[in-house]
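Everything quoted here is computed from the prediction, not taken from an experiment. Proteins get letters first, then strands, A, B, ... in listed order; numbering begins at 1 in each.
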Number of protein chains: 4
Amino acid sequence: MKFLIDTSSRVPIYRQLTQQIRESVARGTLRPETKLPSVRELSKELVINPNTIARVYTELEREGILNTRPGLGVFVAHPKSELTKKVRKERLVELVDQFLTEAVHLGFSSNEVISLLGQRAEQFQWMTVET
Amino acid sequence: MKFLIDTSSRVPIYRQLTQQIRESVARGTLRPETKLPSVRELSKELVINPNTIARVYTELEREGILNTRPGLGVFVAHPKSELTKKVRKERLVELVDQFLTEAVHLGFSSNEVISLLGQRAEQFQWMTVET
Amino acid sequence: MKFLIDTSSRVPIYRQLTQQIRESVARGTLRPETKLPSVRELSKELVINPNTIARVYTELEREGILNTRPGLGVFVAHPKSELTKKVRKERLVELVDQFLTEAVHLGFSSNEVISLLGQRAEQFQWMTVET
Amino acid sequence: MKFLIDTSSRVPIYRQLTQQIRESVARGTLRPETKLPSVRELSKELVINPNTIARVYTELEREGILNTRPGLGVFVAHPKSELTKKVRKERLVELVDQFLTEAVHLGFSSNEVISLLGQRAEQFQWMTVET
DNA sequence: GTGGTCTAGACCACC
DNA sequence: GTGGTCTAGACCACG
């Protein structure tokens, strides 16, 4: 696993990192039970304060994406969604609309967007059954 | 135009407003040359600090979505993208991947996502020609 | 609102505080939309590092109990449960069993426990409708 | 007796084990004078560091739930509470309130909680006489 | 060795 | 003024 942090970005470091881990998990690059680098390791590698890494791991744990085992390390969790169907649908609609808004402003056509989405979607790990 | 601000949201007010204006323009609800309310009007209507409104207008103008004509008011700009094809494409790919990442974690299937996107896309105003 | 921190307890400070706030909200002592003391205020009052307070607020926000509005302060959120009926039921059963285990070891009779629970339950703010 | 350790839980192993033993005793599944597996046996069976098992036994002995008889093994102790009535009552009230706090936040009604508690209580071994 | 907690103090974004 | 982010460094719990 390689993570890239851009300290000159306005996006907070911890958010860049959570996003990258979230995406790797969604793509299946990081699979369940994979051990992530330890807080200290990663903090050295990325030249970032250990607290910041710890924060990332804590936050992803609360989201159910990671799984920390005291004394052992941090691992990718098995996927599960505990949210109500209703809430999940609402969030998805919101995401879709925000995404479409930006796509329109970038000047793309509907077809271009849908086509690209279809292509990229193949690179992700989708649920086959509803939870 | 009606804007709705939820002060009990953790999303900053200025961001809620920019998002709503951006989305209205993308949907065609707000069309080019439409005059927006003045900073003072809108700040009274939404009971929001005028500075916050001014900030919103400034930001959207910087994005090329609005147009301030001194002494006349603020107007919706004609769509134009000053970005190169390459940059726009890169940005879109980034957006798509972020969107897909979140959709996966919400536990949806690929088909559900693509289908919803297709539906919602019909409500937006798309470019028919490349700029 | 009065919060009491016992720095000599083995229970982490941030956990003592989250527990007290959670309980106050559950009892209705802290009602929705109530503003909590600012991070700086509370950190002075309790002689605790501001970061620790901030952590408490962040965590309770993620649980949906609080609601922070940047620049304005932290408020008690309106109650809502976004978890699946199934997950909620599982958690409740687990809580009940843990509770009963401890009650047995304390040497109480079933009747004593149920009776006390009934009494104390009256002091809490219960849902009237399922969400 | 079967103990199940979930190494992918954020709950420390030693705590999972103490909890399971405590609960088994409270349910009467483990009865007084029952011999528990030796530290070595159990550590092999559960694939857990022997130190961790030893720690569990030590802690439960301190609580008066187990009894180590040197050379013979570890046994379930006869129930006895050395705490005064007052202390035990205070502790129970604290437990009840914590339990109710969580139940409220899970979005249950008072009746649902009391009813479930009544059901589960039947599976435990209660004192019939005050000690 | 692992992660969790806490402190101290800096700087930024928001209203 | 508010909270959010980040750093530096200490100490504890866990296996």
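Where DNA chain F pairs in unbroken runs of 3 or more (Watson-Crick or G-U, both distances under 3.5 Å), the stems are E:1-14 with F:1-14.
Evaluation of the salt bridge (charged side-chain N to carboxylate O under 4.0 Å, His left out) rule for D:Glu41 yields no partner, not counting sequence neighbours. Listed by chain and number, the residues in a salt bridge (charged side-chain N to carboxylate O under 4.0 Å, His left out) with C:Arg55 amount to none (sequence neighbours excluded). By the ring-ring contact (aromatic ring centres under 6.0 Å, His included) test, C:Phe99 pairs with D:Phe99, sequence neighbours left out.
Residues A:Glu63 and C:Arg62 are not paired through a salt bridge, judged by the lack of any N-O separation under 4.0 Å between the basic side chain and the carboxylate. Between C:Arg88 and C:Glu94 no salt bridge is recorded (no basic side-chain N to carboxylate O distance below 4.0 Å). The residues A:Glu102 and B:Arg91 are annotated as salt-bridged, a charged nitrogen and a carboxylate oxygen being separated by less than 4.0 angstrom.
Protein chain B touches strand DNA chain E; the 5'-most and 3'-most nucleotides with an atom under 4.0 angstrom of its non-hydrogen atoms are E:dC14 to E:dC15.
Residues A:Thr18 and A:Glu59 have side chains that never bring a donor and an acceptor to within less than 3.5 angstrom of each other.
Distance CD1 (D:Ile5) to C1' (F:dG15): 13 Å, rounded to an integer number of Å. In this entry the distance linking CG of D:Asp6 with C1' of F:dG15 reads 16 Å, nearest Å.
The stretch residues 54-71 of chain A touches DNA chain E through A:Thr68, A:Gly71, each having a heavy atom within less than 4.0 Å of the strand.
Among the atoms of the strands shown, only primed sugar atoms or phosphate atoms (P, OP1, OP2) are found under 4.0 Å from some heavy atom of B:Arg10. B:Asn51 comes within 4.0 angstrom of nothing in the nucleic acid, heavy atoms only. Residue contacts shown for A:Ile48 are limited to sugar-phosphate atoms, with no base heavy atom under 4.0 Å away. As judged by a 4.0 angstrom heavy-atom cut-off over every strand, D:Ile13 is placed among residues touching the sugar-phosphate backbone only.
The 12-atom threshold is exceeded at NZ of D:Lys35, counting heavy atoms of other residues, nucleotides or ligands nearer than 6.0 Å.
At least one side-chain heavy atom of B:Leu17 sits under 4.5 Å from a side-chain heavy atom of B:Phe3.
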